Amino acid sequence: MAGRIRTHRAASPWLFLLPGLAVTAAFTLYPFLSTVGKAFTDARTLTPGHWTGLANFRAMLEDEQFWVALRNSGLYVLLVVPFTVLLPLLLALLVEKQLPGVTFFRSAFYTPVVASVVVVSLIWVWMLDDRGLVNGILRALDTGPVDFLGDEWLLLLSAMALTVWKGLGYYMVVYLAALGNVPRELHEAAAVDGAGALRRFTSVTVPAVRSTMVLVGALSSVSAFKVFSEVFLMAGPSGGPAGQDTTLVMLVQRTGTGLGGRVGYASAVSLVVFAVTLLLMLLVLRADRKEAP
Amino acid sequence: MPPLRRAASATAALLVSALTLTACGSGGDDGGSSADGKAEGKITFQTWNLRAKFKDYFEGLVRDFEKQNPDVKVAWLDQPAEHYADKLSADAGAGTLPDVVNVSPDLSYPLAKAGLLTNLDKEKAAARFKGEYTPEAWQGNSLPGLGGSYAFPWYLNTGPLFYNKTLFRDSGLDPERPPRSYGELFADADRMARQSGGKTATLAATPSIEDFGRYGVQLMNADATKFTYDEPKGVELLTKYKDLYEHGGLDPQALTNTPEKSGQKFLEQKVAMNPGGAHDLETFKENAPSLYRNLGITDAPNNTGKPNMYVMGLAVNSRSKHKAAAIAFAHFVTGKQQQEAFAHKVAIFPSTKGSLDDPYWTKEDGTDEGRVRVASAKMLKGAVNYTPVVMSDEMKTILRNEVAKALQGKKSPRQALDDAAAQSNKLLRQG
């Protein structure tokens, strides 16, 4: 009897874990392993394919679209992440104070997060169109029109601006939670020592929320590298003029879907996305460890 | 960081990254039933975005067929227009492709190549119906290299080209004489751009593979194993489009315009010509009455004398458990009486022999819809499906992107077409 109880005790945690593990195995682990396997084959959507070794990776090196996509996804990380780390922090500082009407602003800043990315992307497309709101204003000021949606760089920058704008509210809430934990005494002591607002920001606020900034940096860099919806909706399925705004995930979608999809090649590109994402995460974790007091 | 935490962090990182990966499966071959037996059993029938407007028609079809064939039950499924190819590939991969499925030739090609569709020319029970359809329509569903036709011809369409008579008049062009050839199109577009000071473009989209076909370019070699649109005539067309783009005859955002965006620009009267269908008339009537009052309808410019034709078909799953019933139902839906009844409900055209000789498609009835119908039906005689069935979406994107590079001046038209053909041929060789 005692033996049976002991057995049950040992098995219990696994039984509790089983549903979660089963879901993870079916929807994360299996697709992951399957993708790794297919990356080394010439699999098509309707045919399982044969082992081709590193052929897909060699083809990738010769594929002009792959380099364009890698460049764009890399630029997305470089240009979007600094803004998604800093701007929400400044916004959180603005709405942190309990002033009359501040709830309205908090909600307003959060609204884009809840809105569908498809809807907001279409609204941005309308605004940036050659006859849209922005060009209307520019025309009124005798400085327009600007070809936001026809120029490959302006289009990419517009998509980046949309990503930053849409993420502001989410990261603002993360920062608000972190700011709530910063002892008020630290600010008071710094003020007594004669520190101005900027000095208090750099010497008190930033160190206090540093680990949150690392977290935001990690999350936003991973999602920036995997960007799809905003660019796809603004640039169109072919990836903007001459495909020059294609990102890596768009390339995966374009090459790997449809009835004639090159699943093997798309899997190989997915592995590259995986490797770079993993690298980004490990770099951020390492930076966090090094800087930790 | 303690080892356990480090391991947990690394695992978390791995899992987050793993979520970026996707996978697809493939179905197994479980064989199909005989097509020569008695029509019986429960079959599935899938259409492409037709339930919303034609629910009653299809429910009536199913009812009539079941009455004639009491041993057969038909379950009708309909899929939305978007991502239809993805839905088919998911079904094919899972081994759940419907028994009778609505396809266009470019969709049936990869399915037939994977052995998932019945070769109707080789299946006696189906081949005996061949004579009921026009030879062009039956041929339209033949797939190169696969030795036969893989779908019962269903409805056909050409799609007229709409034009804005006001914009033609404002540019000093005769609104009753729209361009009929590409030469006239380029001349009119140049004049319109000059007269409007670059404000009015004639077209909103870059040339598609169908444009190359209508211009008279040899798109592929005879056995459809190599793209040849980079021949001198193709380069000539692209060079003319480049001039058009540089002089304002083509919308400045043509490189990124989707068909929806192009339609919107025509509606806003920013471009003078746009392809469409009879269903667009309702949109014009509601959203742009001034455009509707001055709307011209013509054929797409053509240098070959053979307009483009879009072909729809009904394919039979080669692994169907009730193939005899599936063939009988596909033949029933595409039969003369049913096709003509369907074509009276919407601006499409039957592919059955002799149908288009009916006065409904030869005599105008004074309405705009009637005008479009008769004009389009006339175009169908001698029409061909220019889109090569072996041309995948990825190959179409390659052509579009290389064309854009030529228009931007990043490559010469010859180089751009050579590169597009080379990339597409490489994909074609990969199978």
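Residue numbering restarts at 1 for every chain, and letters A, B, ... go by the order of the sequence lines. The analysis underlying the following values was restricted to heavy atoms, covering all of them including side chains, and did not include hydrogens, waters or symmetry mates. What you see is a predicted model; the values in this text were computed from it and never measured.
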Return yes if a side-chain donor-acceptor contact under 3.5 Å exists between B:Asp86 and B:Ser89, otherwise no.
-> no
Hey, are B:Gln269 and B:Ser290 close enough side-chain-wise for a donor-acceptor pair under 3.5 Å?
-> yes
Checking [X] against chain A: side chain, backbone, both or neither under 4.5 Å from a heavy atom?
X: B:Lys261; answer: side chain
X: B:Lys113; answer: neither
X: B:Gln264; answer: neither
X: B:Ser392; answer: neither

Please check if atom CZ in A:Phe57 has more than 12 non-hydrogen atoms from other residues, nucleotides or ligands closer than 6.0 Å.
->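 Enclosed: over 12 neighbouring heavy atoms sit under 6.0 Å from CZ of A:Phe57.
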Engaged part of [X] at the chain B interface, taking heavy atoms whose separation is under 4.5 Å:
X: A:Asp42; result: neither
X: A:Glu62; result: side chain
X: A:Val125; result: side chain
X: A:Leu33; result: neither

A:Pro237, A:Gly258, A:Gly236: which one forms the most heavy-atom pairs within less than 4.5 Å of chain B?
-> A:Gly258
Look at A:Ser238, A:Gly37, A:Gly260, A:Gly243 and state which one has the largest set of heavy-atom pairs under 4.5 Å with chain B.
-> A:Ser238
Salt-bridge contact B:Lys265-B:Glu268 (side-chain N to carboxylate O under 4.0 Å) =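 Here B:Lys265 does not pair with B:Glu268 in a salt bridge, since their nearest N and O are not under 4.0 Å apart.
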Flag the pair B:Asp106 and B:Lys396 as a salt bridge only when some basic side-chain nitrogen lies within less than 4.0 angstrom of an acidic carboxylate oxygen.
->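 Looking at B:Lys396 together with B:Asp106, the answer is yes, because their closest N to O distance falls below 4.0 Å.
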One option among B:Leu111, B:Leu407, B:Val403 has the most heavy-atom pairs under 4.5 Å with chain A, and it is B:Leu111
B:Val271 side chain reached by B:Ser262 side chain, heavy atoms, under 4.5 Å = no
Would you say the side chain of B:Asp419 lies within less than 4.5 Å of the side chain of A:Glu64, judging by non-hydrogen atoms?
-> no
Show the numbers, then the answer: is there a side chain to side chain donor-acceptor pair (under 3.5 Å) between A:Tyr265 and A:Asp63?
-> CA-CA 11 Å; A:Tyr265 184 75; A:Asp63 183 356; 2.6 Å; yes
